Each structure stands twice: as C-alpha cells, then as structure tokens.
Number of protein chains: 2
Amino acid sequence: MEFLIQFKLNDHLYLRDPELSDIGRSIVRESINLIYEIGFEKFTFRKLALHIKTTETTIYRYFSSKHKLLIYILSWYWNYLELVCKFQLQRESDSKNKLKLILEIVTYNYPYGLEIKGYNMQRLHEIVISESSKSYLVKDVDDINEELVFSPLKSLCSFISEVILEINPKFDYPKSLASTLIETAHQQQFFSAHLPSLTDNKNKELHKEYVLAYLNSLAFSVIK
Amino acid sequence: MEFLIQFKLNDHLYLRDPELSDIGRSIVRESINLIYEIGFEKFTFRKLALHIKTTETTIYRYFSSKHKLLIYILSWYWNYLELVCKFQLQRESDSKNKLKLILEIVTYNYPYGLEIKGYNMQRLHEIVISESSKSYLVKDVDDINEELVFSPLKSLCSFISEVILEINPKFDYPKSLASTLIETAHQQQFFSAHLPSLTDNKNKELHKEYVLAYLNSLAFSVIK
DNA sequence: TTCTTTTTGATAGTAACACTATCATTTTTA
DNA sequence: TAAAAATGATAGTGTTACTATCAAAAAGAA
C-alpha cells in the first residue's frame, strides 16, 4: 500500500513543496514528532530548526507559518484516511459493514503500518485528536477556507455521508452526521483519556475500543 | 433572574477575585468583548489593558495568564447554563421535554437577557463556540484538571446525563452523549457558519435553528 | 568541466508577546 | 488618621514570529 501514498496537497499550504526534498520531508516528519511531544502552542520553527539541524530561514522557505504547517499535516492525514477507507471498502458490499469499517478507521483502531513515508502514524493520530480543531477555529477561517485548504476534510466527510445515504437514503443529516462522527471520534478519545467523567468509560485504558463502541451505537441508531 | 447570578468560581482560576472590584469586573467584561472581536490567539493582556485604560501589571494581579482567564470566562458560562437549565426545567415534568429544553438552551436558541452582569451574552456564546475547546486541548490538561477548573463543564454534563437516564434508564452512554451534544451544538454552529459543506444546512443563515433540529433528531433516536 | 541557477546557511534585526520586578501613588478600611 | 491594600508607571528579560541580506554549497545544464 505504501507506494500509493502520494498526494498533491493544496499549493496554498506551502511556499515550496516539502515532498520534493530531503529537508522538506524532514520538516514534515520531525514537526509531527515535535508537535506530538510539546503540543502545538509550544511548538516553534526555532525549536524545529534546532531539532533537524537547519535554520528557521529554511523552514520559512517551505511554510509561511506554523499554522499552515499544521493544516498541511492534517490535510495529509485526511487524504490518507480517505484512501484507507476506499481501499478497505472495496472488499465490502454491505453498506452497514462499510460504515463499521469507516468508524474503525476514523477512531484509528486498526494495526496498519506504524510508519508511512517516515511519518509516525500513532503520533500523527494523537496530533489529530488534540490539535485538529485548532486548524479551523481561527478568526481568519473564512479567508483560508477560500484557499480550499480544508477540502481534504470536506472530501472525507462527503465520502462518509454517501455511505450513510446508502444505508438510509432518506436520512436528513448525512453530512452533519459524518462530521459529527469524525469529530466525536477524536473528542471522546481525548475526554476518555483526560476528562473521563465526560464519558462513560469505566476503564482507564482502551479509549479507542470504548469510543468505537459508542460511535457504532450512535451512528446506527441515528441512521436507522 | 439577574439576582441569582453569583457563582463562586474555582480559586485556581484567578489570583484576585475579579467579581470583587470594578476593575476586576471590567477585565472580565471587556475580555469577552475583545476576544469576541479579535479571537483568542490575537488577544493579549496588553491590548486588554489599553482597552480598559489600566495596565498589564494590574491584569496580571487578577489572572496569571490569558489561558486561565479564558477558562474563567467559560466556567462562568457553564455555571450560568446549568442554572438556566435548572430554572427552566422546574416547569417541566416530562423527561423528553426536559431534554428538548436543554438542547435549546445549549444551542443558545432563546431570547434571554442580552446582557447579564454587563456581560454581552451573544458574544460570550460566540466565544464558547470558537474558543471553548482551546481551554482543554493543551498539553498540561491533566495538571490543570487536577485543580478542578473543569468542574462546571463536568457538572453541566452530569446534569444532562441524568435527564437522559430519566428518558431511558438503560441507555449505556449518558455522559458521552451529553458531552457530545454540548460539543456538537457548538461545532455544528461553527461549521454551518464557516464550513457549511460539513453540514446539511441549505440555508446560509439560521444556523441555530438548523443545529437544534439536528441535535433533536440525533438525541432522541439514540436514546430511543 | 565550467557556468548558472537553485537551495541552504549564517547573521542580524524588528515588533510584539508573556511575563516579572520595583517603587511610588492612590484608594480603601480599620 | 494611620495602616493596609490596590493600582499605576516604568523597566527589563527571554521568546516568538517573522523579514532581509548576503555568502556558501549543491544541483543541473552546456
């Protein structure tokens, strides 16, 4: 599957395409490790430059800001996830089973490659849980949305909504349910791990398993 | 109802209680206006100080950081919301109607006072939509959670979960559903306004009305 | 190979941010 | 009216988020 992973990401996300050089790829790879380690707020280009033994200047030649870099990473993730969904769904003809598979993929409750293109996928998923909403919860969301930087997320959401409509063509909220399922998958994992009293997970571990069960219960009773 | 609004907020949120002085109250009041206007990222104590004609020093004597100030404001909001819920639910004995009322209150689709204690409630609600997740999506969430700064949100969530259990005592996920409903109420309003293709709202306005209808559909089919 | 272009590095600089410290002044309260 | 508390004024520190400039290195073309 590895060989498939080559997306053309939106031009507005970078100044120089990081896929096309070693240093560019290491910027993306190590920013995943560093954001995972210290969180997006404390993450700076200065720290990243020290980490990969280059300079701030060079990083700024690839990304105009750390916010754009975050959106880049997340876009890559959404593209990747949609690809995994489509790949896995080929084998399945039953719509309900399709959605079950999607929910597993979205909660990241599956044992695929730990590394893809040198990106640590566990860490990337943790970043998605903790930082993804920061990509759009900004004052200039409308401006950057015009640059189509959120289209990978929209595309994934649209794909999921179609599966929902396969199950029940009369369902009124396929897209809202799709976005709710994606976001709830992350949010409830975060709550289960850090604010467990906002969930019903008795277990102090097995966050993904709990969330997956919850999402299935949610999705299938709503769509009916 | 005005006279009821007096909460004792968690000591850890402030250095000096802002409720006890004019300058403290204006810090809270004007931070709502300023965060609403420029967003939490661009909001600084320096700008706030200029805005209310005081000094950074003075603001730092009330709040140790802008992040704590955000949690303070949000805690106040959660307390307020739980109070409104309890007040409104007195009149209602049917559990399903109770939940309907809660969903209206949580989406803020009701015409209560525009100002309470000088706080602009419309703006406060917009802040909750755009900024509330930033209060907990931080690396030191576990540390600050130990200071119990998130208890107002937990309390509201717990309250809602009890109403859910009234409707169906056998429902397995009352707390997760409660937190999902609260968070989805905000998230879908944001999506409807800024990333509408993540929702099914055809209308370019009436975000609250759309979200409320969606939440009702969601909640009652899940609880069954 | 040499020449040219592209990429990177090194260094410097700016305005703003997130604080902390000190001390004088004003306001409140006992 | 004296003591205590709150505020203001000013300064300073280390960091962040960039931008600018110019030299050095690497890559590609002739």
Side-chain angles (χ1 to χ4, degrees), chain A residues 11-31 34-35 37-73 131 134-135 137-140 143-144 149, chain B residues 11-31 34-35 37-73 131 134-135 137-140 143-144 149:
Chain A
D11 288 359
H12 291 98
L13 290 176
Y14 50 77
L15 302 172
R16 208 203 285 316
D17 190 342
E19 294 278 300
L20 301 179
S21 72
D22 283 343
I23 212 166
R25 285 183 289 269
S26 76
I27 287 171
V28 177
R29 176 171 20 88
E30 294 306 319
S31 67
L34 198 51
I35 293 173
E37 217 180 295
I38 64 178
F40 185 65
E41 275 70 36
K42 291 191 178 160
F43 169 82
T44 70
F45 279 2
R46 176 132 180 65
K47 289 173 187 165
L48 179 60
L50 289 171
H51 207 250
I52 62 182
K53 295 191 175 60
T54 181
T55 57
E56 264 182 288
T57 320
T58 297
I59 298 173
Y60 274 109
R61 285 186 184 111
Y62 284 87
F63 294 99
S64 63
S65 69
K66 70 169 186 171
H67 186 242
K68 282 276 169 76
L69 173 53
L70 176 65
I71 303 180
Y72 179 93
I73 291 170
E131 321 288 3
K134 295 170 190 170
S135 67
L137 290 177
V138 291
K139 264 287 159 183
D140 60 347
D143 296 331
I144 60 177
V149 299
Chain B
D11 287 359
H12 291 99
L13 290 177
Y14 51 77
L15 303 171
R16 207 203 290 314
D17 189 343
E19 294 278 299
L20 302 179
S21 71
D22 283 342
I23 211 164
R25 284 183 290 268
S26 75
I27 287 171
V28 177
R29 176 170 21 87
E30 294 306 318
S31 66
L34 198 52
I35 293 173
E37 217 180 295
I38 64 178
F40 185 64
E41 275 71 35
K42 291 189 177 161
F43 168 82
T44 69
F45 278 3
R46 175 128 181 65
K47 288 172 187 167
L48 178 61
L50 288 172
H51 207 249
I52 62 181
K53 296 192 174 62
T54 179
T55 56
E56 265 182 287
T57 320
T58 297
I59 297 173
Y60 274 109
R61 285 187 183 112
Y62 284 87
F63 294 99
S64 62
S65 69
K66 70 170 185 170
H67 186 243
K68 281 277 170 76
L69 171 54
L70 177 65
I71 303 180
Y72 179 93
I73 290 170
E131 320 289 2
K134 295 171 190 169
S135 67
L137 290 177
V138 290
K139 264 286 160 183
D140 61 347
D143 296 331
I144 60 177
V149 300

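This is a predicted model, so every value here is computed, not measured. Every chain is numbered from 1, with letters handed out A, B, ... down the list of sequences.
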- Under the side chain to side chain donor-acceptor pair (under 3.5 Å) test, residues paired with A:Lys134 that sit two or more places apart: A:Glu41, A:Glu131

- Note on the structure: Walking DNA chain D from its 5' end, the first of B:Ser21 and A:Lys42 to be reached, judged by nearest nucleotide, is B:Ser21

- Message: Among residues 44-59 of chain A, which ones have heavy-atom contacts with DNA chain D below 4.0 Å?
- Response: A:Thr44, A:Lys47, A:Glu56, A:Thr57

- Message: Checking B:Thr54 against B:Leu48 for the side-chain contact (heavy atoms from CB on, under 4.5 Å) test, could you report, in this order, the C-alpha distance in whole Å, the side-chain angles of both residues, the deciding distance, and whether it holds?
- Response: CA-CA 8 Å; B:Thr54 179; B:Leu48 178 61; over 6 Å; no

Tabulate below the donor-acceptor pairs under 3.5 Å that side-chain atoms of residues 23-30 of chain B make, not counting sequence neighbours, or state none.
residue: B:Arg25; atom: NH1; partner: B:Glu19; partner atom: O; Å: 2.5
residue: B:Arg25; atom: NH2; partner: B:Asp22; partner atom: OD1; Å: 2.8
residue: B:Ser26; atom: OG; partner: B:Ile23; partner atom: O; Å: 2.9
residue: B:Glu30; atom: OE1; partner: B:Asn33; partner atom: ND2; Å: 3.3
residue: B:Glu30; atom: OE1; partner: B:His51; partner atom: ND1; Å: 3.4

- Task: List in chain and number order the residues that pass salt bridge (charged side-chain N to carboxylate O under 4.0 Å, His left out) with B:Asp17, two or more places apart in sequence or in another chain; answer none if no residue qualifies.
- Result: none

- Between B:Ser65 and B:Tyr60, is any side-chain donor less than 3.5 angstrom from a side-chain acceptor? no

- Beyond-backbone contact of B:Tyr14 with B:Tyr62, side-chain heavy atoms, under 4.5 angstrom: no

- In whole Å, what is the span from the CG atom of A:Leu70 to the C1' atom of D:dA17? 16 Å

- Item | Positional range of nucleotides in DNA chain C within the contact set of chain B, heavy-atom, under 4.0 Å | C:dC17 to C:dA21

- Got a donor-acceptor contact below 3.5 angstrom from the B:Lys47 side chain to the B:Lys42 backbone? yes

- Task: List for me each residue that meets side-chain contact (heavy atoms from CB on, under 4.5 Å) alongside A:Lys139, sequence neighbours excluded, and say none if there are none.
- Result: none

- Message: Quick check on contacts: within residues 22-30 of chain B, what sits under 4.0 Å from DNA chain D by heavy-atom distance?
- Response: B:Ile23

- side-chain N/O B:Arg61 vs D:dT7 OP1/OP2, d < 4.0 Å: no

- Message: The criterion is side-chain contact (heavy atoms from CB on, under 4.5 Å); which residues satisfy it with A:His12, sequence neighbours excluded?
- Response: A:Asn10, A:Glu147, A:Val149

- Task: Say whether, by atom type as modelled, one donor and one acceptor occur between the side chain of A:Lys66 and the main chain of A:Phe43 under 3.5 angstrom.
- Result: yes

- Message: If I take atom CZ in residue A:Phe43 and atom C1' in nucleotide D:dT15, what distance separates them, rounded to the nearest angstrom?
- Response: 16 Å

- Message: Holding to side-chain contact (heavy atoms from CB on, under 4.5 Å), I want the full list of residues that pass it with B:Arg46, two or more places apart in sequence or in another chain.
- Response: B:Thr44, B:Leu50, B:Glu56

With the criterion being N/O to N/O and under 3.5 Å, what pairs connect the protein with nucleotides 25-27 of chain D, and how long is each?
none

- Item | N or O in side chain of B:Tyr62 less than 4.0 angstrom from D:dT7 OP1/OP2 | yes

- Task: Quick one: list whatever passes side-chain contact (heavy atoms from CB on, under 4.5 Å) with B:Leu15, sequence neighbours left out.
- Result: B:Ser64

- Task: Using salt bridge (charged side-chain N to carboxylate O under 4.0 Å, His left out) as the criterion, list what pairs up with B:Asp140, not counting sequence neighbours.
- Result: none

